[in-house]
Every structure is written in structure tokens, then in C-alpha cells.
Amino acid sequence: MEYAKDHKLLTPYPASSLVIPSKPEEEAGPRLLDDHSLGSPDEDCCGECCRPSCGCCSRRAVCLSSIILAVGTVLAVVGVILAVVFGIPKPPPVNRVCRTADNATGFLCDDRVTCIPPSDLCNGVVTCPKGADEDTDMCSDLPNNLPGGLVFRCGNPQFWVFTDKKCNNFNDCGDCSDEIGPYAGCAPCGVYWWSCIPVDFQYCSCIPRCLCRDGRQHCYDWSDEYTCPKSLTC
């Protein structure tokens, strides 16, 4: 030590002999990841950036699925509430118009085969195989709930008849508008009818031939008793 002081050495050892430890460099090669770098299995990283090294991608998919399911449930509940408040819209009416055996407009039953005359609707007698002709909703408001094409409006629009009652030679409207005039468009009397001006209110422009020569006046000109041959029986 005296020698060191005499030679004014700053340290008792030469500078070349001092060794400063340094952090050893990391060796090259694959790095092993510890539990912290992998992420805890219980960690919720739905709000973090998904890294390939953590399992948050699958958990994020679960989060998104839960959100979509919740939104769908809310929309379904809102739809039910609106349907209850404003009423559930009725499905479009089924096309019921068909052609009967005599090529007239008719009502098609639920079996999509049976075609009945319109006048068989809502008369208290079930005609269709499944009773569609006596449906409560349809028959509760006549003729508004009837399918289109089955109703004829009389000269007075407040009155109506089924289309198969039009041009049947009977005064179903009460003013003969269902038998006479451009709206009715009826053909001349058929072979079973005699053309004249009837005196009976129930007829319009023809009377049944079976009424001819029965000793009673049915035409204003008495042609039913003097001209019309009696060839049919009523």
C-alpha cells in the first residue's frame, strides 16, 4: 500500500486488471415464451388486439355471437309488441274464383277441387268438404269479406246479389237491374222461357213456359194464354 501511495496510483490495482461485468447477450435461436407472454387463460381480451399467441380470437367470436344473439332477441321482442299494439297483418286472401260445371263463376273450396255456386255461401249449410263456404270471418261481414268476382251490385248500390243470381230470369234485385240493362248483360230468354212483360213482380222480361195456358194472366198482353204453347210442366 505504501508503494501505491508513493507512486500516486488512483487504485490499488491497475486499470487493465479491472473487469466490468456486462449482461450476457441472449443466445440465438427460438425463444421460449413464459406464461405471461402467452396470456392467462382467464384473461378477457375481447377489447384488445387479437394476437396469434393468445386465445382471445375464439373468445372474441363468442363475444360477437352473444352480442348478435342479444340484438336479435331485442328485435324479436319489439316485433311482437308492435304486432300486439297495431295488429298482426292478415295474409293475402286465397284466390277463390273458379268455374262451376255449367261454366259459371264459382267459389273454390279448400280442397282446391270443389267449385260451388256463390249462392251456396254463408247460407247455414256446409257445402265445401272442410266448411270453407261457412267460414265465420267471411260470413260475418257480407258482402265485404267475400272474394272478388262473386257479387253483383244492383241498380241501388246498397243492394247486391250473388253473381249466379244474375241473368236467371228472376227479379232478385227487386228493380230487375240484375236481368235488364247494360250492367247485367243478360242474353235473351232461353227455350224454357217465354218473352213478354210479366205482371208478376218476381219476373222481369220472361216467364217460365210451364205457366203458359194455365188459365191465369202472367203477361200484360195475355200472350202466355193465347200465343205461348203449353209444352212443359212446372
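In this text the structure is predicted, and so the values were computed from the model without any measurement. One is the number of the first residue; the rest follow in order along the sequence. The basis for the numbers below is simple: all heavy atoms, side chains too, and nothing from hydrogens, waters or symmetry mates.
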Are [X] and [Y] packed together at the side-chain level, in the sense that at least one heavy-atom pair is separated by less than 4.5 angstrom?
X	Y	value
C173	F152	yes
D221	I197	no
M138	L121	yes
C186	E179	yes
I207	H218	yes
C219	V199	no
R209	Y192	no

Nearest heavy atoms of [X] and [Y], plus distance in Å:
X	Y	answer
S205	C189	O-SG, 3.7 Å
S140	N145	OG-ND2, 3.8 Å
G131	V126	CA-CG1, 3.6 Å

Heavy atoms of other groups near L142 CG, more than 12 under 6.0 Å: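 Count over threshold, so yes.
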
Supply the atom-to-atom distance [X] [atom1] to [Y] [atom2], rounded to the nearest 0.5 angstrom.
X	Y	atom1	atom2	result
R112	C115	CZ	SG	10.5 Å
R216	E225	CZ	CD	10.0 Å
Y183	C154	OH	SG	13.5 Å
T127	I116	OG1	CD1	5.0 Å
C210	W193	SG	CH2	8.0 Å
I180	C204	CD1	SG	5.0 Å

Under the rule for side-chain contact (heavy atoms from CB on, under 4.5 Å), what residues qualify as partners of [X], not counting sequence neighbours?
X	answer
P143	L146, V151, R153, W160
N123	D120, V125, E134
N156	Q158, F159
R213	K230

What do the steps show when you test D133 against C109 for side chain to side chain contact (heavy atoms under 4.5 Å, CB included), and what is the final call? CA-CA 7 Å; D133 55 308; C109 298; 5.6 Å; no

What do the steps show when you test C196 against C206 for disulfide (SG to SG under 2.5 Å), and what is the final call? CA-CA 6 Å; C196 71; C206 309; over 6 Å; no

Please list, one pair per line, the donor and acceptor atoms closer than 3.5 Å that link side chains of residues 97-108 to other protein atoms, with sequence neighbours excluded.
from	atom 1	to	atom 2	distance (Å)
R99	NH1	T105	OG1	3.0
R99	NH2	N103	O	2.5
T100	OG1	D102	OD1	2.3
T100	OG1	A104	N	3.1
T100	OG1	A104	O	3.2

Could you tell me whether R96 and D135 make a salt bridge, using a distance below 4.0 angstrom between a side-chain N and a carboxylate O?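 Salt bridge absent between R96 and D135.
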
Partners meeting ring-ring contact (aromatic ring centres under 6.0 Å, His included) with W194 (sequence neighbours left out):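 Not a single residue meets the ring-ring contact (aromatic ring centres under 6.0 Å, His included) criterion with W194.
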
Go through Y203 and F170 one step at a time and tell me if the ring-ring contact (aromatic ring centres under 6.0 Å, His included) criterion holds. CA-CA 5 Å; Y203 304 113; F170 289 95; 5.6 Å; yes

Just by distance, with hydrogens left out, do D111 and T114 show a side-chain donor and acceptor under 3.5 Å apart?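 Yes, because at least one side-chain N or O of D111 sits under 3.5 Å from a partner of the opposite role on T114.
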
Cut-off 3.5 Å, side chains only: do D172 and N168 have a donor facing an acceptor?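 The criterion, which ignores hydrogens and geometry beyond distance, is satisfied for N168 and D172.
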
Side-chain donor/acceptor of D110 to backbone N/O of K130, under 3.5 Å: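 Side chain of D110 to backbone of K130: no pair is present.
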
Apply side chain to side chain contact (heavy atoms under 4.5 Å, CB included) to D178 and C167, showing your working. CA-CA 6 Å; D178 56 314; C167 300; over 6 Å; no

